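First comes the structure, then the notes that go with it.
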2 protein chains.
Amino acid sequence: MHEAVNLADVARLAKVSPATASRALSDHPHVAAATRARVWEAARALEYVASPDASGLARGTTGRIAVVVPHLARWWFGAALEGLSAVLREAGRDLLLYRLGDAEARRAFFAELPARRRADAVVLLGFGVDDAERARLERIGVGIVSAGTRIGRHPSVSIDEHVAGRQAVDHLLHLGHRRIGMIVTTDPELDPGQPEGRAAAYRAALADAGVAHDPALTVTVPWSPEGGARAMGQLLGLSDPPTAVYAHTDEVALGAVGTLRRAGLKVPGDVSVIGIDDHPLAALTDLSTVAQPAAEQGAAAGRMALAALAGEPVDPVVTLPTRLVIRGSTAPPARAERGVS
Amino acid sequence: MHEAVNLADVARLAKVSPATASRALSDHPHVAAATRARVWEAARALEYVASPDASGLARGTTGRIAVVVPHLARWWFGAALEGLSAVLREAGRDLLLYRLGDAEARRAFFAELPARRRADAVVLLGFGVDDAERARLERIGVGIVSAGTRIGRHPSVSIDEHVAGRQAVDHLLHLGHRRIGMIVTTDPELDPGQPEGRAAAYRAALADAGVAHDPALTVTVPWSPEGGARAMGQLLGLSDPPTAVYAHTDEVALGAVGTLRRAGLKVPGDVSVIGIDDHPLAALTDLSTVAQPAAEQGAAAGRMALAALAGEPVDPVVTLPTRLVIRGSTAPPARAERGVS
DNA sequence: CTGAAAGCGCTAACAT
DNA sequence: ATGTTAGCGCTTTCAG
């Protein structure tokens, strides 16, 4: 626990002024090579680590990026955060994590703007904000970027929800399914636009295939694997149950598969199931899905934030591709009921 | 993006000196109630948020806690981080997140001590460090606490790995299983003590039950659900395969279940499977397991760090309880092969 | 109870 | 190329 060593100590040991030491350590031009070497050597010897607070104060920046997330224990968020943290680490920026747990934490965050003066930029991961919240956020006075959702006109990365939904539903249609159920999951904390896009894709795909839309086949439940299980139960209770089910996320799809198994039904023999995400357990449980690059979205958001800080131009909207991954949970319906396309 | 407002602005508006404004805002004694109210009102009007860097510089603290994790996309880490972040938020501390991805990132972290001067305490989540790393860490000069592993003599929270392992294996033994396989998962990034404890429990449980230890029944694979799948394949290839399998984590257990299903075997009819964790998907897939409180471990670590900062006494070792959760993946062996206990 | 002044550790003109 | 001088925004003695 030896006492903190300052720039002054380094300067003294290197026999230069603090100013020169500072210049040498921050690789400024106009520093004699020999001097620079002497200073670095002194710094190394003393295990000197500059105080970012002090240099930030003097320079007017913090060296930190604030990252705001609504969840941490869900796959997408963890993966996105991994991508983001790797990019920030590479750039030598610190990551300040703000988790908006319940409604109260969320209200407090936007009311108290804790990120103010603490970060050079704010990255929002996977959740939308209302106009009032956006206004508050903008008062923090730093750049804003987001991944997985759009925040006003600020730069953002995400997938095309509509395309992802079409990839999933079109796959089921191609297999010959005509009676396709959809499990919509809502999460008050999340981006309201996400379920919308994925649900609209379902309706559009059915319409394009000439399949009549049956509202009974759409079940909405709050986000959670248990929700998926319950929703599947409801679909099975229908007088004419679906031969295939499209869930908005893999975790929910896995819940549905669980219910089917317990009901003694075969997947995909009796019912096909597809999700969206390509959660690590999807590969394991042989779940067909639409893969989305979560870590890449986080990384791209990080790069955009860094670019904005560097004054470089930033794409306002980056869309990353999704990919249909066909595994063993989807197959043609047992008795092919080909529609009159 | 209105210009940053400083303490000086607040002081001016409240017609007091910056010193008094500072005292009033930090709820010091010896400030007239009227003055205090005037200052707070001014601060509110200007949406003043103090610069933690400046006040930290002056006061000698940072208001931040550094949290170091080896992974983010795995359940335990996300959950622990959630518990930790909630506690820190409550206490008004900021959370600085350091993720040690690959070996290079890890080396850099310990070599460059980026947490130095940036945080008032360091919390290590779920991984052990070697002596050299610990020495470096201690040079950061702030308190250290850990969850999920022990770091020298620093305070830590965790479960009793040995007890957790016994709960799982004893359950299988109680059901009448005598030929029990174990899937050990190693992760170079993680605490080497963890697999040790869980594996030792297996051997001890078998010994106590008078079951001879067959080395062929222990398979070691690197951490990953796929690892679990492969390991199960190997166990199935044995001339006398196990009737039950104990996996060190649920994610791995689920991989094993996948392999069994693909092989056309029934769980638990043909083979019982149990894991450790109580991962959210365990409930869903009806996996028996030993539940461990991940979020609580993170929260406890946070509280310990805060207590240490406050100069309060801190328990050096906190052990949280685990709990056997019996679900549908475990049952008595088909042909009960009672041992000669 | 309040103000003036010094300083936290560093950087950025401004000199030389 | 290097040293000197001001602060960055806040807290904190030390005086009143």
Side-chain angles (χ1 to χ4, degrees), chain A residues 3-40 42-43 46-64 92 94 113 116-120 141-142, chain B residues 2-40 42-43 46-64 92 94 113-114 116-120 141-142:
Chain A
E3 270 319 296
V5 5
N6 309 329
L7 183 57
D9 302 317
V10 175
R12 203 171 306 123
L13 182 60
K15 299 191 190 309
V16 294
S17 72
T20 300
S22 169
R23 282 189 282 249
L25 292 175
S26 19
D27 279 324
H28 268 256
H30 303 298
V31 180
T35 312
R36 181 184 319 253
R38 206 144 28 85
V39 172
W40 274 99
L46 298 174
E47 290 196 298
Y48 171 71
V49 175
S51 158
D53 290 20
S55 68
L57 234 204
R59 182 165 18 202
T61 61
T62 69
R64 273 166 250 136
D94 278 333
L113 300 184
R116 188 118 170 223
R117 286 179 178 278
R118 291 172 207 223
D120 301 331
V142 300
Chain B
H2 64 172
E3 271 318 298
V5 0
N6 309 330
L7 183 57
D9 301 318
V10 176
R12 205 171 305 125
L13 182 60
K15 300 193 190 307
V16 295
S17 72
T20 301
S22 170
R23 283 189 279 249
L25 292 176
S26 20
D27 281 323
H28 267 254
H30 303 299
V31 179
T35 311
R36 179 186 319 252
R38 209 145 26 85
V39 173
W40 273 99
L46 297 175
E47 290 195 298
Y48 172 72
V49 176
S51 158
D53 290 19
S55 67
L57 232 205
R59 182 164 19 202
T61 62
T62 69
R64 275 167 248 134
D94 278 333
L113 301 183
R116 187 117 169 224
R117 284 177 179 280
R118 292 171 208 224
D120 300 331
V142 300

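The structure presented is a predicted model; accordingly, all values stated were derived computationally and were not measured. Below, chains carry the letters A, B, ... as their sequence lines are ordered, and counting in each starts from 1.
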Within the pair [X] and [N], is there a side-chain N or O less than 4.0 Å away from OP1 or OP2?
X: B/His28; N: D/dT12; answer: yes
X: A/Tyr48; N: C/dC10; answer: yes
X: A/Ser17; N: D/dT2; answer: no
X: A/Ser22; N: C/dT11; answer: yes
X: B/Thr35; N: C/dT2; answer: yes
X: B/Ser51; N: D/dC10; answer: no

Would you indicate what B/Ala19 reaches in the nucleic acid, counting non-hydrogen atoms under 4.0 angstrom: base, sugar-phosphate, or nothing?
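Base contact - B/Ala19 has a heavy atom under 4.0 Å of at least one base atom.
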Rounded distance in Å - [atom1] ([X]) to [atom2] ([N]):
X: B/Asn6; N: D/dG7; atom1: CG; atom2: P; answer: 15 Å
X: B/Leu46; N: D/dG9; atom1: CG; atom2: C1'; answer: 15 Å
X: A/Leu7; N: C/dG7; atom1: CG; atom2: C1'; answer: 16 Å
X: A/Arg59; N: C/dA13; atom1: CZ; atom2: P; answer: 12 Å
X: A/His30; N: D/dT2; atom1: NE2; atom2: P; answer: 12 Å
X: A/Asp27; N: C/dT11; atom1: CG; atom2: C1'; answer: 15 Å
X: A/Arg116; N: D/dC10; atom1: CZ; atom2: P; answer: 11 Å
X: A/Leu25; N: C/dA12; atom1: CG; atom2: C1'; answer: 15 Å

Looking at the side chain of B/Ala32, which of C/dC1, C/dC10, D/dT12 is the nearest nucleotide?
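The answer is C/dC1.
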Heavy-atom closest pair, residues [X] and [Y]:
X: B/Trp40; Y: B/Leu25; answer: CZ2-O, 3.4 Å
X: A/Val39; Y: A/Val16; answer: CG2-CG2, 4.0 Å
X: A/Thr62; Y: A/Asp120; answer: N-OD1, 2.7 Å

Both B/Ala54 and B/Arg38 contact DNA chain C. Which one's nearest nucleotide lies toward the 5' end?
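Its nucleotide being nearer the 5' end, the pick is B/Arg38.
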Between A/Thr20 and B/Arg36, just flag the one whose closest nucleotide in DNA chain C comes earlier from the 5' side.
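Whichever sits nearer the 5' end wins; that is B/Arg36.
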Side chains of B/Arg12 and B/Asn6: any donor to acceptor distance under 3.5 Å?
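No, no side-chain donor-acceptor pair sits under 3.5 Å.
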Could you check B/Asp53 against B/Arg23 and say which one's nearest nucleotide on DNA chain D is further toward the 5' end?
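It is B/Asp53, whose closest nucleotide lies nearer the 5' terminus.
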Should the pair B/Asp53-B/Arg64 be classified as a salt bridge under the 4.0 Å nitrogen-to-oxygen rule?
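Looking at B/Arg64 together with B/Asp53, the answer is yes, because their closest N to O distance falls below 4.0 Å.
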